[in-house]
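Here's the structure we're looking at; comments come further down.
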Amino acid sequence: MTKRLSDVVATARAEGRPLLNGWMMTPEPAVLEAMAPHGWDCVTLDLQHGQIDLTQGRALARTASGLELPLLARPAWNDVAMISRLLDDGFEGIICPMINSAQDARRLAAAAHYAPRGERSFGPVRARVAFGADYWKEASDNLLILAMIETREALAALPDIIAVDGISGVYVGPADLSLTMIGQPTGEPNDPSVIAAVDDVRKAVQQSGRFAAVHNLTVDHTVKMSGNAWDMVTGPSDIALLAGASVDAVRRIKGK
């Protein structure tokens, strides 16, 4: 069976470190295979800003199963149909964009969980293959459902968002958050007010007993945030890693 996301979360916690999440924006299975052996705890497929659609995501989920690499997905929006399809395809983590209110969070939670906890329709065709015939009985225990906090509205509603049953925690998106706070989309904030807001989110979420994760663009910033008590840190995307390796290769070959 496919490696459970809940198992890698438990392992990271037992080792006293944040979960290290890879970020994939391209739909090529070879890229996932290239990333898998290097120690990423899990990988998120970006169906919002990446180049991956639902059909390609399903194919990548099958690839990941053979690699024993748990996958999360970021859907394009807080869309019940898309979230349900991703879960049915065997994704056990959802990072949902633009959760700005308790109402948004309740919609997300309802899509993720079976009755009586939620409203997810029964039909886990691929998830049942990946995790066994009784998948549905323990599905909620193994899901990581994260609400993205990336606006002023979300900051104001944070206590209500994390109080919603079925929401595991939050995932901070610094680019949109800084855009709404200071008018500049900074993926790795250097404005003191944004830096403070990001850390305040982490503290509030963890004090409530929920899971706190943060997006990063570079290795250096991921290392920095790894030391700031986050439950999960995301490293550079596959495209960023490839671009960085390409720049370094050309520089070294040309001697510049």
Side-chain angles (χ1 to χ4, degrees), residues 1-9 19-38 40-99 107-114 118-132 135-136 139-140 142-148 150 166 168 171 173 213 215 232 234-242:
M1 289 194 299
T2 302
K3 193 171 186 179
R4 307 302 296 247
L5 179 59
S6 56
D7 289 339
V8 297
V9 171
L19 201 68
L20 178 57
N21 176 50
W23 197 264
M24 191 166 169
M25 303 183 75
T26 58
E28 176 52 56
V31 174
L32 187 60
E33 290 171 333
M35 294 177 67
H38 302 139
W40 301 99
D41 294 306
C42 53
V43 170
T44 296
L45 305 189
D46 189 352
L47 283 76
Q48 184 187 24
H49 296 305
Q51 301 163 19
I52 303 168
D53 62 26
L54 278 169
T55 300
Q56 293 163 333
R58 185 178 306 116
L60 289 167
R62 290 191 170 97
T63 300
S65 181
L67 300 169
E68 294 192 344
L69 183 65
L71 290 186
L72 299 86
R74 176 164 72 169
W77 205 251
N78 190 9
D79 179 82
V80 172
M82 176 175 274
I83 292 168
S84 298
R85 290 295 297 270
L86 288 166
L87 294 171
D88 285 348
D89 284 340
F91 292 84
E92 290 197 299
I94 297 292
I95 298 174
C96 190
M98 292 295 174
I99 302 299
R107 179 180 175 86
L108 169 59
H113 298 280
Y114 292 121
E119 300 173 2
R120 179 181 172 188
S121 178
F122 183 80
V125 177
R126 190 190 165 271
R128 187 162 41 197
V129 174
F131 302 116
Y135 160 80
W136 65 277
S140 288
N142 290 290
L143 295 181
L144 187 65
I145 306 301
L146 302 179
M148 288 197 72
E150 44 189 346
S168 310
Y171 187 97
H215 198 76
M232 183 174 83
T234 292
S237 72
D238 54 345
I239 292 176
L241 291 169
L242 178 59

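What you see below is based on every heavy atom in this structure, not just the backbone, and it leaves out hydrogens, waters and symmetry mates.
Nearest heavy atom pair, residue Leu146 against residue Ala213, reads CD1-CB, 4.2 Å. Across all non-hydrogen atoms, the minimal contact from Ile83 to Leu108 is CD1-CD1, 3.7 Å. Across all their heavy atoms, Met82 and Pro75 have their closest contact at SD-CB, 3.5 Å. In terms of heavy atoms, Asp88 sits closest to Pro124 at OD1-CA, 3.6 Å. Closest approach of Ser168 to Leu143, counting heavy atoms only: OG-O, 3.6 Å. Shown here for Met35 and Trp40, the closest heavy-atom pair between the two residues is O-CD1, 3.2 Å.
A 6.0 Å sphere centred on CZ of Arg85 holds no more than 12 heavy atoms belonging to other residues, nucleotides or ligands. Residue Gln56 places its CD atom among more than 12 non-hydrogen atoms of other residues, nucleotides or ligands, all under 6.0 Å distant.
With sequence neighbours excluded, the residues satisfying side chain to side chain donor-acceptor pair (under 3.5 Å) with Ser140 are His113.
Put simply, the side chain of Arg74 never gets that close to the backbone of Asp46: no donor and acceptor are under 3.5 Å apart. Asp238 contributes a side-chain N or O that, together with a main-chain N or O of Met25, makes up a donor-acceptor pair within less than 3.5 Å. A donor-acceptor contact shorter than 3.5 Å is absent between the side chain of Asp89 and the backbone of Gly57. Counting only distance, with no hydrogens or angles, the side chain of Asp41 and the backbone of Leu20 share a donor-acceptor pair below 3.5 Å. In this structure, the side chain of Glu150 engages the main chain of Met98 through a donor-acceptor pair within 3.5 Å. A side-chain donor-acceptor contact under 3.5 Å links Glu92 to the backbone of Leu5.
Interatomic distance, Ile52 CD1 to Arg58 CZ, rounded to the nearest 0.5 Å: 13.5 Å. The line from CG of Leu54 to CG of Leu47 is 6.0 Å long, rounded to the nearest 0.5 Å. Here OG1 of Thr44 is found 3.5 Å from CD1 of Ile95. Values are rounded to the nearest 0.5 Å. In this structure, Arg126 CZ and Phe131 CZ are separated by 7.0 Å, a value rounded to the nearest 0.5 Å. Note that CG of Leu144 is 6.5 Å distant from CE of Met232, once rounded to the nearest 0.5 Å. Put simply, CG on Asp53 and CG on Leu45 are 11.0 Å apart, with the number rounded to the nearest 0.5 Å.
Classification of the Tyr114-Phe122 ring pair by plane angle, with boundaries at 30° and 60°, yields tilted.
Met24 pairs with exactly one of Ile239, Val31, Leu241, Leu71 by the side-chain contact (heavy atoms from CB on, under 4.5 Å) rule, that one being Val31.
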